[in-house]
Amino acid sequence: MGIRIQHVSKHFGRFAALDDVNLDVHQGELLALLGPSGSGKTTLLRVIAGLEHADAGALWLGSEDASTLSVQARRVGFVFQHYALFRHLTVADNIAFGQRVRPRRERWPEPRIQARVRELLSLVQLEGLEKRYPAQLSGGQRQRVALARALAIEPRVLLLDEPFGALDAQVRRDLRRWLRELHDRTGLTTVFVTHDQEEALELADRVAILNRGRIEQVATPADAYDRPASPFVYSFVGAVNRVPAQARDGQVQAAGLALPAPDGRASGPIELFVRPEDLELAAPSTGWSATVTALQRSGARLRLRARLQGEDSEVEVELPASQADALPEVGRPVWLHPRRYGVFPVAQWPGGGT
Ligand code: ADP
Ligand code: MG
């Protein structure tokens, strides 16, 4: 079942935690909701789940207007960052909980509940651990129990709020892959909240990028990275250099180099955004003239810092280590060509500018 969010706003006092949010989550897709801490991710999930009421806007679950449905009637599975397992219940009883608290006429008979628990234990690969208590499990295992518990009610959609946020890096990566496989098997419409751009780009079919209660872009991971729709997305999804520039007549003048404007409409003072790996070494006069200020090898990558001629700021360049021989030393001139870049008006970047 798909989720449709239309013009949803939510204020806490005078503060807008969600500001006119529009989002379609397609049936069966895994969508990552990505944004910095405080951007409204949890609030949006809570609105979908019915744990929070929006001040304005509409919410649809499939073809049903969900705004007026109770939390239970929405049949939404929810997993929180901090394992909200019941400490005094075994793994099996934790998983069965959502079924057992249903009103009697909706509740499944006990043998069916137990069969469902066994099925879910197998799905989350925790067979044999059903009699354990949460304290006897690792963090990763607890989150898999939380997921099984969310699935026990046969939810129509699954909402995951930074479910791996408290786990260490390796466990996180394993669980990420595991969750993707699980999603591909169940096909359940899923919204996965994270502030970790790598996690979002690796896991999701599409990413929605949230900033200060507003959605800045909804795109495939590749498009969010290659074609950021705003200065914020450029900086939040990956690393970026910003170079002051002027646009006129379909051309961009940046640090003494004329480049075609990616957006023909731009004019006046702008900023050119270019990722470190989109700067390449060029022949003299075909790129920015610059001076190398630092050079560092990091595994398979070379990181270079360079000061553009006539500019105060430095740019970062990332090159494959195989180009080490072509690199000048610190203090020597280098020419850098931006093979891919975006431009935005200076005023569009709150608190930024040149
Ligand atoms: P995120 O999950 O992206 O970190 P949240 O949705 O939790 O962000 O919060 C968004 C903003 O709304 C934050 O500034 C937070 O302080 C504020 N906020 C969230 N819940 C409440 C609440 N119950 N009362 C007041 N402010 C809240
Ligand atoms: Mg949150």
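Start at 1 and go down the list; that is how both ligands and their atoms are numbered. We use all heavy atoms of the structure for the numbers below, so side chains are in, but hydrogens, waters and symmetry mates are not.
Between Phe273 and Phe344, the ring planes are perpendicular. Angles over 60° get that label, and only those under 30° would be called parallel.
In this structure, Arg275 forms a cation-pi arrangement with Tyr225, its terminal cationic atom sitting closer than 6.0 Å to the ring centre and no more than 45° off the ring axis.
Distance check: Lys41 NZ to Leu18 CG gives 11.5 Å after rounding to the nearest 0.5 Å.
In this structure, Gln72 places its CD atom where only 12 or fewer heavy-atom neighbours from other residues, nucleotides or ligands lie under 6.0 Å away. More than 12 heavy atoms of other shown residues, nucleotides or ligands fall within 6.0 angstrom of atom CZ in Arg297. Counting heavy-atom neighbours within 6.0 Å of Glu127 CD, excluding the residue itself, gives a total above 12.
Here the Mg ion (ligand 2) has protein N, O or S atoms under 2.8 Å from it, and they come to 1.
Take Pro155 and apply the side chain to side chain contact (heavy atoms under 4.5 Å, CB included) test, not counting sequence neighbours, and it matches Leu151, Ile153, Leu188. For the salt bridge (Lys or Arg N to Asp or Glu O under 4.0 Å) test, no residue two or more places apart in sequence or in another chain qualifies with Glu130.
Between the Arg142 side chain and the Pro134 main chain, a donor and an acceptor come within less than 3.5 Å of each other.
Within 4.0 Å of ligand 1, protein heavy atoms come from Phe12, Phe15, Ala17, Pro36, Ser37, Gly38, Ser39, Gly40, Lys41, Thr42, Thr43.
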